[in-house]
Amino acid sequence: MKIIHTDKAPAAVGPYSQAIVSGDMVYCSGQIAILPSAGKIVAVGIAAQAEQCCKNLTAVLAEAGAGMENVVKTTCFLADIGDFAAFNEVYAKHFVSKPARSCVAVKDLPAGALCEVEAVAELPKRKK
């Protein structure tokens with residue numbers, strides 16, 4: 001196992017890693033809309049927060065040697081299921097490979113976030 005950390009995404013706010021590489025797979029912890037340079041959520045509204053979640057996830061995947069196109073499964077959490085359509089518009093721009101997905105509404109998310117996205121990706125095959 002290899003622990004993944006990048007300063008281009010928010011630091012873990014608990015006893016966990018941003019991601020773990022195990023074999024050919026990258027297991028990413030959930031990302032909320034914390035702006036790394038500010039250390040807090042500054043995005044207002046579901047679309048802006050979803051965009052920041054995806055930027056954070058992109059940074060973690062890049063550090064691991066993968067990209068959004070390598071994601072095979074996501075789990076998405078929404079604070080309000082009424083935000084589903086707006087969230088999907090942003091999600092569709094970033095996850096063009098259409099990975100398998102679960103999306104659920106939850107009572108609350110950390111730091112008052114409106115959404116959280118976690119992902120599992122396959123590392124790209126290296127050319128010999």
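Residue indices begin at 1 and follow the sequence shown. Note that the structure is a prediction, hence the values are computed from the model and not measured.
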Given 3.5 Å as the limit, does a donor-acceptor pair link the side chain of N56 with the main chain of C53, or not? no
Quick one: which residue pairs count as a ring pair (Phe, Tyr, Trp, His ring centres under 6.0 Å) with a foot in residues 34-89, not counting sequence neighbours? F87-Y91
Answer whether the closest heavy-atom distance between the side chains of M68 and C54 falls below 4.5 Å. yes
Which residues end up grouped with M1 if you chain together Ile, Leu, Val, Met, Phe, Trp and Tyr wherever their side-chain heavy atoms are less than 4.5 Å apart? I3, I20
Got a sec, which residues hit side-chain contact (heavy atoms from CB on, under 4.5 Å) with S29, two or more places apart in sequence or on another chain? Y16
Can you tell me how far the CZ atom of R101 sits from the OG1 atom of T75, to the nearest 0.5 Å? 10.0 Å
Reported CD-to-NZ distance for the pair E63 and K2, which is rounded to 0.5 angstrom: 7.0 Å
Side chain E51, main chain V90, donor-acceptor under 3.5 Å: no
Taking a hydrophobic cluster as the set of Ile, Leu, Val, Met, Phe, Trp and Tyr residues connected by side-chain heavy atoms closer than 4.5 Å, whether directly or through intermediates, do V117 and V26 fall within one such cluster? yes
Looking at CD of E116 and OG1 of T74, how far apart are the two atoms once the value is rounded to the nearest 0.5 Å? 12.0 Å
Can you tell me how far CD1 of I41 sits from CG of L35, rounded to the nearest 0.5 angstrom? 10.5 Å
Do any N or O atoms from the side chain of Q49 and from the backbone of L114 form a donor-acceptor pair under 3.5 angstrom? yes
If you compare all heavy atoms of G65 against all heavy atoms of P124, which two are closest, and at what distance to 0.1 Å? O-CD, 3.2 Å
S102-K73 side chain donor-acceptor pair, cut-off 3.5 Å: yes
Give a yes or no on whether the backbone of P10 and the side-chain of Q18 come within a donor-acceptor separation of less than 3.5 Å. yes
